[in-house]
*Asks:* 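Mind having a look at this structure? Questions to follow.
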Amino acid sequence: MAAPKGRAVSAGGGGPPGGPAGAEVNAREPLAELFRDLRTSPHGLAGREAARRLVVYGPNGLTRRTVRRWPAELLAQFTQPLAILLAVAAVLAWAGGAPALAIAVVAVILLNAGFAFVQEMQAERAVDALAAFLPATATVVRDGAHAEIPARDLVPGDVLIVAEGDRVCADARIIDGDVTVDLSALTGESMPVIRSAEPAEVTGSVLDAHDLVFSGTTCTGGEAHTVVTRTGMLTELGRIAALSQRGPTQRSPLETQVRRATWIIAVVAVVVGVAFLPIGVWAGLGWSAAIGFSIGLIVANVPEGLLPIITLALAAGVRELARKGAVVKRLSAVETLGSTTVICTDKTGTLTENRMTVTRIWLPGSELDAGAPIDDPRAGVLAAAAASCTTAQSPTGTQPGSGDPTELALLRLAANLDMAVTPAARDAGRRAVFHFDGHLKRMSVVDETAGILAVRTKGAPETVLPCCTHLLDPDGNRRPLDDATRLELQHRLDRYAAGGLRVLAVAQRTLDAGEPAPARRDDADARLTLLGLAAMVDPARPGVAEAVASAHQAGIRIHVITGDYGPTAAAIAHQVGVGRDGGRIVAGEELDRLSDAGLDELLAGHDEIVFARASPEAKLRICEALRAGGQIVAMTGDGVNDAPALRHADIGVAMGRSGTDVAREAATMVLTDDNFATIVVAVDAGRRVFDNVRKFVLYIFAHAVPEVVPFLIFALSGGAIPLPLTVLQILAIDLGTETLPALALGREPAEPGLMNRPPRPRTTGVIDRTLLLRAWLLLGGVSAVLVMGGYLYTLVRAGWHPGDPTGPGSDLHHAYLQATTITFAGIVACQIGTAFAARTDRASLFTIGLFTNPLLLWGILFELVFTAAVIYAPPLQHIFGTASLSWTQLAIITPFPIIVWGADELARWVIRHRPAAGSP
């Protein structure tokens, strides 16, 4: 890995025998000193010396910091709280004489454990994707001759030959030659840059060093000899791989909350079951009966269907998001999206279309709207000159355009002004090209047209204007470029920048007859005539401004983290509504100077910030600072350099179209349309999923009360009141009748005002006191009263008195079977009322409609059919201990759903009107 001039960096993890063991080398030092420190020369290493160094430095590849031990991690999936609860339920089902139910529960345990294990293993594939950026072979100078070797055998000190089409496989210093390199994998910038042996002072990122090339980048032109300074995990690519592996994957809020809640449920179930033993014995039951009923209590308290229902609800959310352009790779991430408090987004391609369009043309003495008809011939001259000074390929009838978006915009401008420049004609007339230089920020070409040579230059105005001595006046004549015009140009440039426009200056010079084409850039970029300025914009994506407004309404802050120039990025951000109220720009250098405490203080405010020229470490640092402040962060990215931040954000969001494989592997969610608005759609879906998880948890917990109360009444009466419910009937409810309606609640449409709420705190649980009171006291309490009332009414009507025998062979045995059946059917009826009540949290059911969730209606239909089969099918009667009910008995439980739902609807009406009742 290279370093800024003056900073010493290690060449590796040690040195070869007889070589620079542990020595510090500066990749920017003079070549003679670099060769000395690396113990090498322009003629390369000897084969035996390279072999010795390979032993010391190790293979030139990317490695994982830790090796995963998959058997232990797979086993760990079975120790999760929900898995333990399900295991308890399976054992109890088996002990209760229901082996089929026990096998079904075990299958659920295995499926969920396997799915969770696969998801965790998939998270580690980011490093594997990074490794794909390294080529298989490399051309080096060994023993004074060219040789092709496996890229993994490359060592510091090797002389590496980089040619057009090659992927660079180590960090290296250029010895001689010039190459054009695509650094987008590391920097995210699409414009290729020139690298040569000529050193240049670099004060910013080391990636800007003019004489260095880096592992994982691609040579798009030229050829150069380089000396390798770093290999493997010590390269820039290796550093990103190491950052991607730093720290364990954090549990999502839902995983944390469900884990805590299920441990509480497990403890409560066991405590209640164990506590029943002495109570049952004290009440006159034998130890055998007391143990059996303790098992029943535990079964009644364990929500056997909770884990599979949560999994299936999240899976449904994943499928829905996939249809809307967001592919979620981790189920729990759907809920985490709903918790998002901060979105850190890229600008280009996410907020914008990544499709530059020329909107304004400045000509000496006039300014034109590029979208309107133009009759000034100078505009055509400017457009033709700018289009000639490109390397992009304009779209044809069969092929899409390719190349830098800025150059494609210039080609479209020329075509719109009837000055179209085809790539074939452009290349045929080209006599010399001086490619775009990242430091000079300009490009020049020498073209021949009808036997006349002309230099044409385009680039940043601050670099092109000093090369100009004249301009083209309104009459088409050349006149000197005076100070007053330069001042006017500066004001114009400031105004364009404030509007978020990117500006290019275009100039040309016609060579005298017989004058040869310039061989040097300095000769070409001299005595130019300014043709004008082309101001272009990367327009905001349709719908982004509305999505930003929706995110703000939902209490979500948005920070922009970009490699672009700060004022331009801020202008685009302001156009879509980000940072409009007191936004701030923080450049990369300023961010680097901030301490951790200073960064925490900066991010703790309410301002939305544009971070410009951000490095990979900066992006990761911003992410970790926000998370340390209690924020739930969604981070977007598309390049290799974004992988660490994507990996460590609560939600890493990669671009599906423009993103690299590395970013997609490191991310939790991939946007197939690269659109910021899809993130807000996903947040909405995540909030709805969280609400729906609470709804079916409420639904599941509510009927635990009417399941537990019969056991308590039986125990406290000392057996005088026969057991109103059997263990198998409880399992039939928990794993039979409740499942489909609970799943349907997981697909419930959003309540009104969902995106008007502020984000919930990370500590907000799926299960809280309000939910438990509503489930156990209101819905469960009403259900228990109704169910026990129906049970006792059936027995009393048959002539039963407390203490009368009801066992097999007794006169009341059939009445007892009917009474337990009414208890079972009554709980199912109350479930129906609970399902409708659970559809809303505060709003009235009438505001969303009774029939807006057809899946719930189908689930209730299945519930009724299943219940009828248990009651009336003789084989199931024998298994579950039920008896057929008469129409009169069915009429007893028919109003139960309306009573349960009505009580909850009344309670919600009181809550909604409580503030109004207290007002004057």
*Asks:* Distance alone, cut at 3.5 Å: any donor-acceptor contact between the side chains of Ser444 and Asp525?
*Replies:* yes

*Asks:* Verify whether one side chain among Asp538 and Thr352 offers a donor that lies under 3.5 Å from an acceptor in the other.
*Replies:*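 Checked: Asp538/Thr352 side chains pair up, N/O donor to acceptor below 3.5 Å.
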
*Asks:* Would you say the side-chain atoms of Glu148 pair up with the backbone N or O of Ala138, donor to acceptor, closer than 3.5 Å?
*Replies:*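 The answer is no, because no donor-acceptor pair under 3.5 Å joins these two groups.
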
*Asks:* For residues Arg426 and Thr390, is any side-chain donor paired with an opposing acceptor at under 3.5 Å?
*Replies:*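 Result is yes, a qualifying pair exists.
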
*Asks:* Knowing that exactly one of Val358, Leu501, Thr359, Thr357 qualifies, which makes a side chain to side chain contact (heavy atoms under 4.5 Å, CB included) with Met536?
*Replies:*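 Going through the options one by one, the only one that passes is Val358.
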
*Asks:* Between Arg478 and Asp473, is there a salt bridge with N-O shorter than 4.0 Å?
*Replies:* no

*Asks:* Should Arg360 and Tyr496 be marked as a side chain to side chain contact (heavy atoms under 4.5 Å, CB included) after you check the CA-CA gap, both sets of side-chain angles, and the distance that decides it?
*Replies:* CA-CA 9 Å; Arg360 308 295 295 175; Tyr496 286 153; 4.0 Å; yes

*Asks:* Please confirm whether the backbone N or O of Val455 pairs with a side-chain atom of Gln508, one donor and one acceptor, at under 3.5 Å?
*Replies:*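 Such a contact is absent between Gln508 side chain and Val455 backbone.
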
*Asks:* Does Thr235 reach the main-chain N or O of Thr231 with its side chain, forming a donor-acceptor pair under 3.5 Å?
*Replies:* no

*Asks:* Testing the 3.5 Å rule here: is there a donor-acceptor pair between the side chains of Thr529 and Arg509?
*Replies:*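 Distance-only check fails for Thr529 and Arg509.
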
*Asks:* What heavy-atom pair brings Arg142 and Asp153 nearest, and what distance separates the two atoms?
*Replies:*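 So the minimum-distance heavy-atom pair works out to NH2-O, 3.4 Å.
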
*Asks:* Whether the side chain of Arg167 engages the backbone of Ser215 through a donor-acceptor N/O pair (distance < 3.5 Å, no angle test) should be reported.
*Replies:*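 Between the backbone of Ser215 and the side chain of Arg167 there is no qualifying donor-acceptor contact (under 3.5 Å).
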
*Asks:* Answer yes when Asp178 and Arg195 have at least one side-chain N-carboxylate O distance shorter than 4.0 Å, and no when they do not.
*Replies:*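 Arg195 and Asp178: not salt-bridged.
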
*Asks:* Hey, is the main chain of Val168 close enough, under 3.5 Å, to the side chain of Asp166 for a donor-acceptor pair?
*Replies:* no

*Asks:* Restricting to non-hydrogen atoms, name the atom on Val421 and the atom on Ala387 that form the minimum distance, rounded to 0.1 Å.
*Replies:*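 Taking Val421 first and Ala387 second, the nearest heavy atoms are CG2-CB, 3.7 Å.
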
*Asks:* Does the side chain of Ser196 come under 3.5 Å of the side chain of His210 through a donor N or O and an acceptor N or O?
*Replies:* yes

*Asks:* So, for Ser388 and Asp447, which heavy atoms are closest and what is the spacing to 0.1 Å?
*Replies:*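 The pair with the smallest heavy-atom distance is CB-OD2, 3.3 Å.
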
*Asks:* Can a donor-acceptor pair be found, under 3.5 Å and without considering hydrogens, that links the side chain of Asn60 to the backbone of Gly232?
*Replies:* yes

*Asks:* What's the separation between atom CZ in Arg456 and atom CG in Leu531, rounded to the nearest 0.5 Å?
*Replies:* 9.0 Å

*Asks:* Once rounded to the nearest 0.5 Å, what's the spacing between atom CG of Leu530 and atom CH2 of Trp362?
*Replies:*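 Going from CG on Leu530 over to CH2 on Trp362, the span is 5.5 Å.
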
*Asks:* For the residue pair Leu31 and Glu33, establish whether any side-chain heavy-atom pair is separated by less than 4.5 Å.
*Replies:* no

*Asks:* In terms of side-chain geometry, is the basic nitrogen of Arg39 or Glu49 positioned less than 4.0 Å from the acidic oxygen of its partner?
*Replies:* no

*Asks:* Given Val213, which partner from the list Asp171, Thr226, Leu160 fulfils the side chain to side chain contact (heavy atoms under 4.5 Å, CB included) test?
*Replies:*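 Between Val213 and the candidates, side chain to side chain contact (heavy atoms under 4.5 Å, CB included) is satisfied uniquely by Thr226.
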
*Asks:* Can you tell me how far the CG atom of Leu533 sits from the CG atom of Leu465, to the nearest 0.5 Å?
*Replies:* 7.0 Å

*Asks:* What is the minimum heavy-atom distance between Gly47 and Asp143, and which atoms define it?
*Replies:* N-OD1, 3.0 Å

*Asks:* Not counting sequence neighbours, which residues clear side chain to side chain contact (heavy atoms under 4.5 Å, CB included) with Asp512? List them please.
*Replies:*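 For Asp512, the residues satisfying side chain to side chain contact (heavy atoms under 4.5 Å, CB included) (neighbours in sequence not counted) are Glu515.
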
*Asks:* Does Asp211 reach the main-chain N or O of Ala197 with its side chain, forming a donor-acceptor pair under 3.5 Å?
*Replies:* no

*Asks:* Donor-acceptor pair, Arg442 side chain versus Pro461 backbone, under 3.5 Å?
*Replies:*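 Not confirmed, Arg442 side chain does not pair with Pro461 backbone.
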
*Asks:* Checking the side chain of Arg495 only, and the main-chain atoms of Gln490 only, is there a donor and an acceptor separated by less than 3.5 Å?
*Replies:*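 Absent.
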
*Asks:* Check whether any side-chain heavy atom of Val155 sits under 4.5 Å from a side-chain heavy atom of Val228, and report yes or no.
*Replies:* no

*Asks:* Does this structure show an ion pair linking Arg492 with Glu367, if we count only N-O contacts that are shorter than 4.0 Å?
*Replies:*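 Yes, charged N to carboxylate O under 4.0 Å.
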
*Asks:* Atom CG of Leu528 and atom NE2 of His470: how far apart are they, to the nearest 0.5 Å?
*Replies:* 11.5 Å

*Asks:* Is it the case that the side chain of Asp475 and the backbone of Asn477 share a donor-acceptor pair, with hydrogens and angles ignored and the cut-off at 3.5 Å?
*Replies:*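 Here the side-chain-to-backbone pair does not exist.
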
*Asks:* Do you know the tightest heavy-atom contact between Ile174 and Ala224?
*Replies:* CG2-CB, 4.0 Å

